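Take a look at the structure below.
Here is how names work: the chains are called A, B, and so on, in the same order as the sequence lines, proteins then strands, and each is numbered from 1. Fair warning: this is a prediction, and the values are worked out from it, not measured in the lab.
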2 protein chains.
Amino acid sequence: MSDNDTATGRPAPQYMVVSDVLRQRIRDGVYQVGSHLPTESELCEEFSISRHTTREALRRLSEAGLIHRRQGSGSRVLSTEPRNHYVHAMKSLDQLFAYASDTRLRFLDIRQGHPDAAAGIPTDAKWLRIEALRLERDEDVPICFSLVYIDLRFGGVKKLLKNYQGAIYQLIETNFGVEVAEVEQVIEVVRVPPRAAEVLDQDPDAWVARVVRRYLDGEGTLLLASVNYHPVDHFSYQMRMTRQGGRLV
Amino acid sequence: MSDNDTATGRPAPQYMVVSDVLRQRIRDGVYQVGSHLPTESELCEEFSISRHTTREALRRLSEAGLIHRRQGSGSRVLSTEPRNHYVHAMKSLDQLFAYASDTRLRFLDIRQGHPDAAAGIPTDAKWLRIEALRLERDEDVPICFSLVYIDLRFGGVKKLLKNYQGAIYQLIETNFGVEVAEVEQVIEVVRVPPRAAEVLDQDPDAWVARVVRRYLDGEGTLLLASVNYHPVDHFSYQMRMTRQGGRLV
DNA sequence: CAGTGGTCTAGACCACCCC
DNA sequence: GGGTGGTCTAGACCACTGA
């Protein structure tokens with residue numbers, strides 16, 4: 001649990017002692033989830049420490065996701081257990097994609113249309129629908145066939161797509177001042193749909209890896225979604241998870 | 001890049017201004033990757049701020065993975081770009097697995113043997129080799145066929161496996177005082193190997209999703225590895241990535 | 001409005017690293 | 001031994017929250 005001086009011989013700093021005590025109290029229900037921690041000044045008094053030290057202790061709890069602090073309001077208990085024991089971290093979403101970055105896009109079709117069910121978009125709404133092939137640079141080997149559905153308020157991207165090579169979500173981020181805050185991804189293995197079989201040159205009854213990605217903004221609104229069909233012999237999805245924090249967090 | 005007061009109308013705090021300046025200098029190569037930042041006291045003087053404010057600025061760079069700070073040594077520049085823009089976070093590794101948690105294991109075979117190539121273990125070494133089927137609870141439908149390779153120094157788990165239901169890495173963590181610090185995972189779609197076809201009741205030429213997981217300790221030593229074959233019609237792998245930090249980080 | 005957390009200062013002592 | 005970052009104190013003013 002705590003990691004006070006168990007490893008190193010020297011005593012743990014006070015902020016860590018205090019943070020561990022508070023952590024234990026949260027686990028024990030002394031401070032219930034949803035309720036508020038004592039204020040900084042109360043904690044200063046109880047532990048006879050300066051405000052700075054108190055804040056350092058609270059910072060740790062906050063970083064561990066156990067409490068949420070809000071100016072003027074206080075520190076609310078969020079959870080009994082730290083979140084994010086393991087993280088898969090990446091510089092950019094590029095690493096989500098199951099292909100190397102040195103690729104290019106060939107657009108097959110762009111028009112308004114109704115999304116397919118796999119995209120997780122209500123199929124009664126109209127979205128900009130893009131068909132594209134992702135190819136290895138300088139080669140004609142297709143890496144995947146992609147259907148991209150874009151909210152019509154970003155319909156202006158249509159003009160920008162010509163010769164665009166990167167990920168489409170980035171195009172929308174830079175041109176419409178929105179920010180992708182969250183991505184959901186589902187990987188499954190399915191029978192190749194007819195259109196994908198055609199452009200990927202697959203047997204009609206072949207299996208393909210289908211990767212569906214949904215890009216959401218900070219409020220959970222869907223900005224765009226993509227359905228990507230990968231021939232199985234070129235599909236490899238790698239990730240690396242790391243345990244969070246050496247000492248505590 | 002910076003997020004000083006662009007959104008809110010009010011001015012950014014000093015530590016954020018300073019941290020942005022330093023960040024820009026790192027990008028511009030004023031402070032080269034591998035070299036050291038000025039010391040805290042030098043930065044205090046340059047920006048006419050207190051040490052506390054300087055440390056807050058440096059803390060941000062450290063959290064962003066741009067610098068590494070070491071007592072007695074200084075702040076070394078690690079990278080020009082922040083890491084961890086996006087994270088896939090999970091409380092435990094259970095969420096790595098492409099199946100619900102309400103499952104059970106049926107062991108088919110346990111003995112010493114040579115790992116297969118897919119596990120990424122030198123095949124000349126001997127490891128404890130476990131064959132198991134993961135089944136839905138109360139049903140005989142197999143979710144996946146697993147080959148688990150365990151370093152022989154944990155050979156004692158053999159006795160503990162009987163009636164064990166959970167993830168094997170946890171068994172080793174609790175019984176041998178080691179900690180999984182890192183997991184590598186690769187998902188691919190391959191032809192079913194004969195043995196897997198047999199126990200999963202698949203056609204000899206069927207495709208299966210192969211998920212290879214390698215569990216490493218803090219020093220990068222492989223503790224165990226597993227190769228899991230999932231019938232494609234039951235395979236679904238979901239993940240959710242979140243952009244890190246509202247304001248900067 | 002009173003009380004909260006957010007920012008900031010000017011000091012201090014210490015453990016650690018490297019010369 | 002001299003300099004680094006790590007911890008800690010005792011103050012201060014401010015922005016924000018909520019009654």
Side-chain angles (χ1 to χ4, degrees), chain A residues 2-5 7-22 31 34-63 65-78 245-249, chain B residues 2-5 7-22 31 34-63 65-78 245-249:
Chain A
S2 149
D3 40 8
N4 308 353
D5 72 334
T8 77
R10 51 178 222 287
Q14 294 193 54
Y15 69 80
M16 202 176 294
V17 175
V18 172
S19 127
D20 281 341
V21 169
L22 297 177
Y31 310 135
S35 72
H36 282 259
L37 247 51
T39 66
E40 292 186 355
S41 53
E42 284 167 349
L43 292 172
C44 289
E45 199 167 333
E46 173 182 354
F47 293 99
S48 303
I49 53 179
S50 75
R51 188 163 166 227
H52 177 72
T53 304
T54 300
R55 285 177 60 76
E56 191 63 38
L58 292 174
R59 180 203 294 273
R60 292 173 70 79
L61 299 182
S62 175
E63 281 174 357
L66 293 174
I67 65 173
H68 175 69
R69 316 194 65 206
R70 203 150 122 268
Q71 189 175 155
S73 170
S75 304
R76 199 164 45 84
V77 178
L78 292 179
R247 241 192 138 161
L248 176 69
V249 171
Chain B
S2 150
D3 40 8
N4 308 354
D5 73 334
T8 78
R10 51 178 223 287
Q14 293 192 55
Y15 69 81
M16 201 176 296
V17 175
V18 171
S19 127
D20 281 341
V21 169
L22 297 177
Y31 308 136
S35 73
H36 282 260
L37 246 52
T39 66
E40 292 186 353
S41 54
E42 284 167 348
L43 292 172
C44 289
E45 199 167 332
E46 174 182 354
F47 293 100
S48 302
I49 52 180
S50 76
R51 190 165 163 224
H52 176 72
T53 305
T54 300
R55 285 177 60 76
E56 190 64 39
L58 292 174
R59 181 203 294 272
R60 292 174 72 79
L61 299 182
S62 175
E63 281 174 356
L66 293 174
I67 64 173
H68 176 69
R69 315 194 67 206
R70 204 150 121 267
Q71 190 176 145
S73 169
S75 304
R76 200 163 46 83
V77 178
L78 291 179
R247 238 190 143 162
L248 176 68
V249 175

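C:dC18 atom P lies 11 Å from atom CZ of B:R76, rounded to whole Å. The CZ atom of A:F47 sits 17 Å away from the P atom of D:dA10 (whole-angstrom rounding). Here the P atom of nucleotide D:dC8 and the CZ atom of A:R59 are 13 Å apart, to the nearest Å. Summarising the geometry, the separation between CD on B:E56 and C1' on D:dG6 is reported as 14 Å, rounded to the nearest angstrom. The interatomic distance linking A:H52 (NE2) with C:dT7 (P) rounds to 13 Å, in whole Å.
Counting non-hydrogen atoms under 4.0 angstrom, B:Q14 reaches the backbone sugars and phosphates but no base.
With sequence neighbours left out, A:T53 forms a side-chain hydrogen bond (donor to acceptor under 3.5 Å, both in side chains) with A:S50. Legend: residues meeting side-chain contact (heavy atoms from CB on, under 4.5 Å) with A:R55, ordered by chain and number and at least two apart, are A:E40, A:R51, A:R69. Every residue meeting the side-chain hydrogen bond (donor to acceptor under 3.5 Å, both in side chains) condition with B:E56, not counting sequence neighbours, appears here in chain and number order: A:R59. For B:L78, the side-chain contact (heavy atoms from CB on, under 4.5 Å) partners at least two apart in sequence or on another chain are B:H68, B:R76. With sequence neighbours excluded, the residues forming a ring pair (Phe, Tyr, Trp, His ring centres under 6.0 Å) with B:H52 are A:H52, listed by chain and number.
For D:dT7, neither phosphate oxygen OP1 nor OP2 lies less than 4.0 angstrom from any side-chain nitrogen or oxygen of A:T53. Remark: A:Y15 is in phosphate contact with D:dT7, judged by side-chain N or O atoms under 4.0 Å from OP1 or OP2.
Distance alone, capped at 3.5 Å, is enough to place a donor-acceptor pair between the A:E42 side chain and the A:T39 backbone.
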Do any N or O atoms of the protein come closer than 3.5 Å to N or O atoms of nucleotides 2-5 of chain C, and which pairs are they?
unit_1: C:dG3; atom_1: N2; unit_2: A:G72; atom_2: O; d: 3.3
unit_1: C:dT4; atom_1: O2; unit_2: A:G72; atom_2: N; d: 3.0
unit_1: C:dG5; atom_1: OP2; unit_2: A:E40; atom_2: N; d: 2.9
unit_1: C:dG5; atom_1: N2; unit_2: A:Q71; atom_2: OE1; d: 3.3

